[in-house]
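As structure tokens, the structure follows; a few thoughts come after it.
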Amino acid sequence: MSEHEIHRDAGERRRVVIVGGVAGGASCAARLRRLDEDVEIVLVERGPHISFANCGLPYHIGGVIEDRDALLIQTPASFERRFDVDVRTKTVAVDVDPDAHTVTLRKWKNGETTHLRYDALVLSPGASPVVPPIAGAELDGVHSLRTIPDMDRIIGACENTQIEHVTVVGGGFIGMEVAENLIHRDIDVTVVEMNNQLMPNLDREMAASVADACTRHGVELCMETAVTAIEEVGEKLQVHLGDEASYLSDRVVMAVGVRPETKLAEAAGLELGDSGGIVVDEMMQTTRPDIYAIGDAAEVTHRVTGARGAMPLAGPANRQGRLVADVICGRNRQYKGPLGTSIIKIFDTVAACTGLSESGARRRQIPHQVAWVTAKSNASYYPGAGALTLKAIFDRESGKILGAQAFGKKGVDKRIDVLATAVAAGMTVDELEQLDLAYAPPFSSAKDPVNHLGAVAGGILRGDHPAASWEEVMGLAENRRLIVDVRSAQEFDSGTIPGAVNIPLDELRKRIEELPPRSTPIVLCKEGLRGYLATRVLLQNGHRPKNLLGGYELWKLASDHACVA
């Protein structure tokens, strides 16, 4: 930006105004100061806190994070002292004049209005909770969770009144984390979700792991159900559902999603995208090059799909804030786009994803293949090993990894981060199999689950491992498809897929003549490994089998908790 574009009095420093703190705005301000000691930085925040751990709010509700102050990463005073930033809390940016390069600020306390000149303006207003247009959504007993004051109100309700039951509307990140932490407070919880699964960023069978954890820990799930109205009945709330049923609840927490905060962008005449976010380029510049947008309010380009949309996650917001500071200081930086890498812990279960989902590939008609493996988080002979299920979505021609998902109790975070790196690097499943990963019995196996996933996916591509998905097996008993369970007789007797016949793997070669010539069976075991071994035997004896990936365990989980569209 040339100096003559902005009127600046003699001796005035270059000024950057940042609207909004937390992950995006505060990171931008801190990075900007580290790069330039001379620039004047003004950080405007409508709330009382500029840098707090909003992802930690549910965990303080449940007492997992005991100290409220631990959520305050920097106070306004400490931030000012450390970074020499003019912090203005409880102040709202209400208007922007992009031609005059001014932003209008209004204080909450007295309504005082000022006009502040800027050389560069960074918009980091975040996103606001979506409140469904239903009767009663405005009642005092209906909450949302975005800020520390929101958290304080929920905790106050739990401590100051006799709360026995809470309804959580929405089964995404916030809804699930709130539900878990209310259970920790010995409060009964019902989750109402309009879709046929929880956690829409996950594929159905992977999201089933979250549903399973919820039901095992006492959360009632009402799936494919909508809240149509809420009304006060004495000191309680009557929650009306779409099927005309209703029940009494003490409080309701709305967690149906967020929408980008764009009022200021609209006032500045900035372009908004189809998702409702602020359109930005690779340098996070808006349609006015001296105005930037970052975080939940910005519409960015997904690194795998190329689709534009908002990505309301703290990690991308932090990286975008740092990048914008670099750009303002004249550095050549470009944002490559998010993968949507995310993770959640629900009770004893962890689920995560990165890149393109299988459902996303289907919607976009992207040719793809899918592989699942279930392995141990560390060496099976070392204490504490737990089951870990991984899923890869990959290009059916090149084998390039498009996305991945995982669930389990241990080791999910490590594997999803490796897989996110692989997706970002454009790696193939063959390269995944060859990755040199750390091994010692407390941490992994000699063949890490990530290597195992690459090997299975590579075998599918090469034709060495004909595979069937859990969806493909649904309803096969009615279609009279031959299903061969190669587990032991004891395992078979404990439960199997309807219509399956039992031929244990160790007896298969001797009993292979029991199968029709050139049969096309689905082969299953507990998790997939014995099924693969049986598949190789059958392939080399004239049969055309398919191994059920993930085995009976994944099929059973999906059968119990995943609604098939």
Side-chain angles (χ1 to χ4, degrees), residues 57-64 128-200 207-208 210-258 344 346-349 560-561 563:
L57 301 181
Y59 300 101
H60 184 56
I61 291 174
V64 177
S128 58
V130 173
V131 178
I134 59 176
E138 76 290 345
L139 294 172
D140 289 342
V142 179
H143 301 266
S144 59
L145 182 61
R146 182 195 180 199
T147 65
I148 286 182
D150 292 337
M151 176 193 72
D152 291 339
R153 282 190 287 272
I154 293 173
I155 292 174
C158 293
E159 292 179 344
N160 299 330
T161 57
Q162 190 64 35
I163 299 294
E164 296 178 347
H165 181 275
V166 173
T167 296
V168 176
V169 184
F173 283 101
I174 296 298
M176 289 293 91
E177 290 167 352
V178 168
E180 176 190 7
N181 283 282
L182 290 172
I183 291 289
H184 290 333
R185 297 186 70 107
D186 295 324
I187 296 172
D188 293 335
V189 178
T190 297
V191 173
V192 182
E193 170 56 54
M194 288 185 63
N195 295 316
N196 63 0
Q197 68 168 75
L198 302 174
M199 300 302 298
V210 177
D212 178 68
C214 286
T215 55
R216 285 189 289 104
H217 288 84
V219 177
E220 181 184 13
L221 300 178
C222 293
M223 307 301 297
E224 298 184 279
T225 304
V227 174
T228 56
I230 304 168
E231 61 178 330
E232 290 181 330
V233 178
E235 295 184 354
K236 292 186 177 290
L237 298 174
Q238 189 86 23
V239 179
H240 296 270
L241 304 179
D243 57 4
E244 298 184 0
S246 67
Y247 61 89
L248 290 175
S249 188
D250 294 297
R251 288 291 188 275
V252 173
V253 178
M254 289 291 181
V256 298
V258 296
I344 188 170
I346 295 298
F347 301 104
D348 58 359
T349 297
D560 291 345
H561 296 286
C563 303

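Listed by first and then second residue, the ring pair (Phe, Tyr, Trp, His ring centres under 6.0 Å) pairs involving residues 143-179 are H165-Y247 (not counting sequence neighbours).
In this structure D152 satisfies the salt bridge (charged side-chain N to carboxylate O under 4.0 Å, His left out) test together with R68, sequence neighbours excluded. For H217, the side-chain hydrogen bond (donor to acceptor under 3.5 Å, both in side chains) criterion is met by no residue, not counting sequence neighbours. Residues meeting the ring-ring contact (aromatic ring centres under 6.0 Å, His included) test with H60, sequence neighbours left out: none. S144 meets the side chain to side chain contact (heavy atoms under 4.5 Å, CB included) test with P129, D150; sequence neighbours excluded. For E193, there are no salt bridge (charged side-chain N to carboxylate O under 4.0 Å, His left out) partners, not counting sequence neighbours. The side chain to side chain contact (heavy atoms under 4.5 Å, CB included) test applied to A213 returns R216, I346, D348, T349, not counting sequence neighbours. Residues passing the side chain to side chain contact (heavy atoms under 4.5 Å, CB included) test with V130, sequence neighbours excluded: V256, R259. D560 is linked by a side-chain hydrogen bond (donor to acceptor under 3.5 Å, both in side chains) to K556, counting only residues two or more places apart in sequence or in another chain.
Within 6.0 Å of the CD atom in E138, the count of heavy atoms belonging to other residues, nucleotides or ligands exceeds 12.
Between L145 and M151, some side-chain heavy-atom pair lies under the 4.5 Å cut-off. Put simply, the side chain of T215 reaches to within 4.5 Å of the side chain of H561, judged on heavy atoms. Annotation: side chain of V227 is in contact with side chain of L241 (closest heavy-atom distance under 4.5 Å). Contact check for E164 versus D188: no side-chain heavy atoms found under the 4.5 Å cut-off.
In plain terms, the two heavy atoms of G242 and T228 that are nearest each other are CA-CG2, 3.6 Å. What you find for G172 and P200 is that their closest heavy atoms are CA-CD, 4.3 Å. Residues G136 and V142 share a closest heavy-atom pair of O-CG2, 3.5 Å. Shortest non-hydrogen contact noted between R185 and G62 is CG-CA, 4.1 Å. Across T190 and C222, no two heavy atoms sit closer than the pair CG2-SG, 3.8 Å.
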Checklist entry - Run the side-chain contact (heavy atoms from CB on, under 4.5 Å) check on V191 and C214 step by step: do they pass? => result CA-CA 10 Å; V191 173; C214 286; 6.0 Å; no
Checklist entry - Run the side-chain contact (heavy atoms from CB on, under 4.5 Å) check on E180 and H184 step by step: do they pass? => result CA-CA 6 Å; E180 176 190 7; H184 290 333; 3.3 Å; yes
Next on the checklist: Working note: L198 + M223, criterion side-chain contact (heavy atoms from CB on, under 4.5 Å); need CA distance, chi angles, decisive distance, verdict.
Outcome noted: CA-CA 8 Å; L198 302 174; M223 307 301 297; 3.9 Å; yes
Determine all donor-acceptor pairs shorter than 3.5 Å in which one atom belongs to a side chain in residues 231-238; sequence neighbours excluded.
| residue | atom | partner | partner atom | Å |
| --- | --- | --- | --- | --- |
| E231 | OE2 | H240 | NE2 | 2.7 |
| K236 | NZ | D250 | OD1 | 2.5 |
| Q238 | NE2 | S246 | OG | 2.9 |

Anything under 3.5 Å between a donor and an acceptor, one on a side chain of residues 154-162, the other on a protein residue two or more places apart or in another chain? List them.
| residue | atom | partner | partner atom | Å |
| --- | --- | --- | --- | --- |
| N160 | ND2 | G156 | O | 3.1 |
| T161 | OG1 | A157 | O | 2.5 |

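Interatomic distance, I174 CD1 to M254 CE, rounded to the nearest 0.5 Å: 15.0 Å. To the nearest 0.5 Å, atoms CD1 (I134) and CD1 (I230) are separated by 4.0 Å. Rounded to the nearest 0.5 Å, atoms CD1 (I163) and CG (D186) are 13.5 Å apart.
Checked by atom type and distance alone, the side chain of Q197 pairs as donor or acceptor with a backbone atom of M199 at under 3.5 Å.
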